[in-house]
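Data first, discussion second: the structure below is written as structure tokens.
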Amino acid sequence: MTLDLRLAPMAAVTNAPFRLVARECGAGPLTSEEIDARALVAGNARTLELTRVLPGEQPVAMQLLGADPDVLAEAARRLEAAGADAIDLNMGCPVAKVVAKGQGAALMRDPLAAALILRTLRKAIGVPLTVKIRGGWDDRTVNAVEIARIAEREGVAALTVHPRTRSQQFAGVAPWEIVAAVVDAVRVPVVGNGDVRSAADAAAMMRATGCAAVMIGRGALGAPWIFRGAHVPRDERARIIRRHCALIETHLAPRLAIVQTKKHLAWYCHGLAGAASAREALFRAPTAAAAQDVFWGLW
Ligand SMILES: Cc1cc2nc3c(=O)[nH]c(=O)nc-3n(C[C@H](O)[C@H](O)[C@H](O)COP(=O)(O)O)c2cc1C
């Protein structure tokens with residue numbers, strides 16, 4: 001069984017430097033963090049920053065968050081023109097202020113709206129359209145299969161399933177049987193997602209569900225070498241961390257670079273002796289270089 005392991009979109013985490021590091025470790029097709037369609041169309045500078053792609057990342061999908069079909073279509077056209085290899089619609093974000101606007105996981109509750117959005121997006125772009133869904137809205141409305149069938153009918157090229165419901169947020173265990181049910185229901189490739197923390201977990205998910213690929217989110221935080229699918233020696237891990245810090249410094253705006261360096265180094269502390277106090281020192285560090293000094297002192 002060949003493992004197609006992918007990095008999950010994660011807001012304020014899976015920016016270009018982290019995606020490129022994941023790719024260099026062997027990750028398959030990449031997806032950007034969610035991009036607010038309305039802010040993109042309005043030309044918001046911080047949103048535009050999220051659309052940056054580095055050489056070596058392709059193929060990379062840009063993920064859109066929104067609920068207005070025309071705004072989403074315009075955002076998708078712009079992302080395609082800027083070089084996106086695919087457009088992914090976010091139907092899974094559980095955040096209260098997002099679902100209050102009918103976006104993200106709220107679309108799971110409104111199959112008609114979802115179908116109209118997918119149809120409009122499909123017509124707007126030439127590159128593949130994909131969608132990332134949840135199991136449903138809550139445990140009384142587990143409708144991933146229905147939504148997946150609608151998405152297939154509207155022409156999506158693939159779909160990713162994070163099988164928890166919106167109400168579950170990130171609690172409990174991801175019910176992989178919902179991924180299996182979606183695999184059985186559609187012919188397009190299904191990417192399984194949820195609670196995969198190792199290559200062995202990914203192989204288990206593929207066996208249990210028949211999914212075509214596996215997407216890893218939290219399991220890649222502080223451990224992008226998970227995409228190697230094999231043991232990665234300590235000196236190689238150090239090289240990857242240095243590479244990640246250098247990419248952040250080179251490619252992100254300074255105010256973002258310091259936040260991202262600290263955040264990722266805090267994750268890289270995981271499992272090291274003295275991690276808790278080092279994390280505090282990391283977040284107090286006045287510069288990215290000082291944060292790196294704290295980290296390598298611990299390493
Ligand atoms: C910090 C964080 C941010 C996330 N942001 C997004 C996002 O922008 N778009 C999206 O589709 N899913 C997002 N997710 C959900 C993940 O892509 C994934 O579906 C979820 O974490 C389950 O996979 P995991 O168990 O491998 O972490 C986010 C998850 C986390 C932890």
Side-chain angles (χ1 to χ4, degrees), residues 3-16 18-19 22 27-37 39-40 46-47 49-51 60-67 72 75 79 86-99 103-108 114 129-136 144 147 151 156 158-166 168-176 178-179 182 190-206 209 211 213-224 226-227 259-260 263-264 266-267 270:
L3 284 181
D4 177 344
L5 303 179
R6 305 184 180 189
L7 175 65
M10 287 180 282
V13 179
T14 54
N15 43 34
F18 192 48
R19 294 195 304 261
L30 296 163
T31 308
S32 75
E33 61 193 288
E34 60 194 20
I35 295 169
D36 183 303
L40 182 74
R46 290 195 179 189
T47 306
E49 258 178 64
L50 303 180
T51 67
V60 55
M62 290 283 139
Q63 188 189 65
L64 282 173
L65 185 67
L72 280 162
L79 291 172
I87 300 294
D88 188 60
L89 176 67
N90 180 318
M91 287 185 58
C93 183
V95 172
K97 68 173 196 256
V98 169
V99 297
Q103 306 173 349
L107 290 172
M108 298 292 301
L129 173 65
T130 59
V131 63
K132 183 161 175 283
I133 66 175
R134 277 194 175 241
I147 295 288
V156 304
L159 38 98
T160 302
V161 184
H162 174 210
R164 289 186 178 85
T165 62
R166 188 268 167 175
Q168 267 181 292
Q169 306 255 350
F170 289 93
V173 175
W176 288 0
I178 294 175
V179 177
V182 173
V190 174
V191 183
N193 169 235
D195 295 349
V196 173
R197 303 284 174 158
S198 65
D201 287 352
M205 177 187 256
M206 287 182 82
T209 68
C211 63
V214 172
M215 190 173 260
I216 303 173
R218 290 163 299 168
L221 301 176
I226 195 172
F227 297 106
V259 175
Q260 287 289 316
K263 187 149 112 171
H264 283 278
W267 280 315
H270 182 76

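Any value given below was found using the heavy atoms of this structure, including those in side chains, with hydrogens, waters and symmetry copies removed. Just so you know, ligand 1 is whichever comes first in the structure, and atom 1 is the first atom listed for that ligand.
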Could you say whether the N/O atoms of R164 and ligand 1 ever approach to under 3.5 Å?
no
Among all the protein's non-hydrogen atoms, which is closest to atom 19 (O) of ligand 1, and how far away is it?
N193 OD1, 2.5 Å
Element-labelled atoms of ligand 1 that are located less than 4.0 Å from some non-hydrogen atom of N90
9 (N), 10 (C), 11 (O)
Measuring centre to centre across the rings, with the benzene-like ring taken for any Trp, is H270 within less than 6.0 Å of W267?
no
With side chains defined as the heavy atoms from C-beta onward, is the minimum distance between I87 and L64 less than 4.5 Å?
yes
At a non-hydrogen distance cut-off of under 4.0 Å, which region of D195 contacts ligand 1 (side chain, backbone, both, or neither)?
both
Counting from 1, what ligand 1 atoms have a heavy atom of M10 closer than 4.0 Å?
2 (C), 3 (C), 4 (C), 5 (N), 6 (C), 28 (C), 29 (C), 30 (C)
among protein heavy atoms, the one nearest atom 31 (C) of ligand 1 is R218 CG, 3.7 Å
Among E34, E33, M91, find the one that has a side-chain contact (heavy atoms from CB on, under 4.5 Å) with L65.
E34
Any heavy-atom pair between the side chains of R6 and T31 that's under 4.5 Å?
no
Measuring from non-hydrogen atoms of G194 to any atom of ligand 1, is the shortest distance under 4.0 Å?
yes
What residue and heavy atom of the protein are closest to atom 17 (O) of ligand 1, and at what distance?
P9 O, 2.8 Å
Note, V99 side chain near M108 side chain (heavy atom, < 4.5 Å):
no
Among K132, E33, E34, closest by heavy atom to atom 10 (C) of ligand 1 is K132
With a 4.5 Å cut-off on side-chain heavy atoms, are L79 and L40 touching?
yes
Looking at S32, A8, A11, the heavy atom closest to atom 3 (C) of ligand 1 belongs to A11
Close side-chain approach of D195 to D201, heavy-atom, < 4.5 Å
no
Face-on cation placement of R134 at F170 ring, 6.0 Å and 45° thresholds:
yes
Are any side-chain N or O atoms of N193 and backbone N or O atoms of V161, one a donor and one an acceptor, separated by less than 3.5 Å?
no
Can you find an N/O atom of G217 closer than 3.5 Å to an N/O atom of ligand 1?
yes
Provide, to 0.1 Å, the distance between atom 9 (N) of ligand 1 and the closest protein heavy atom, together with that atom's residue and name.
Q63 OE1, 2.8 Å
shortest atom 20 (C) of ligand 1-to-protein heavy-atom contact is with F170 CE2, 3.6 Å
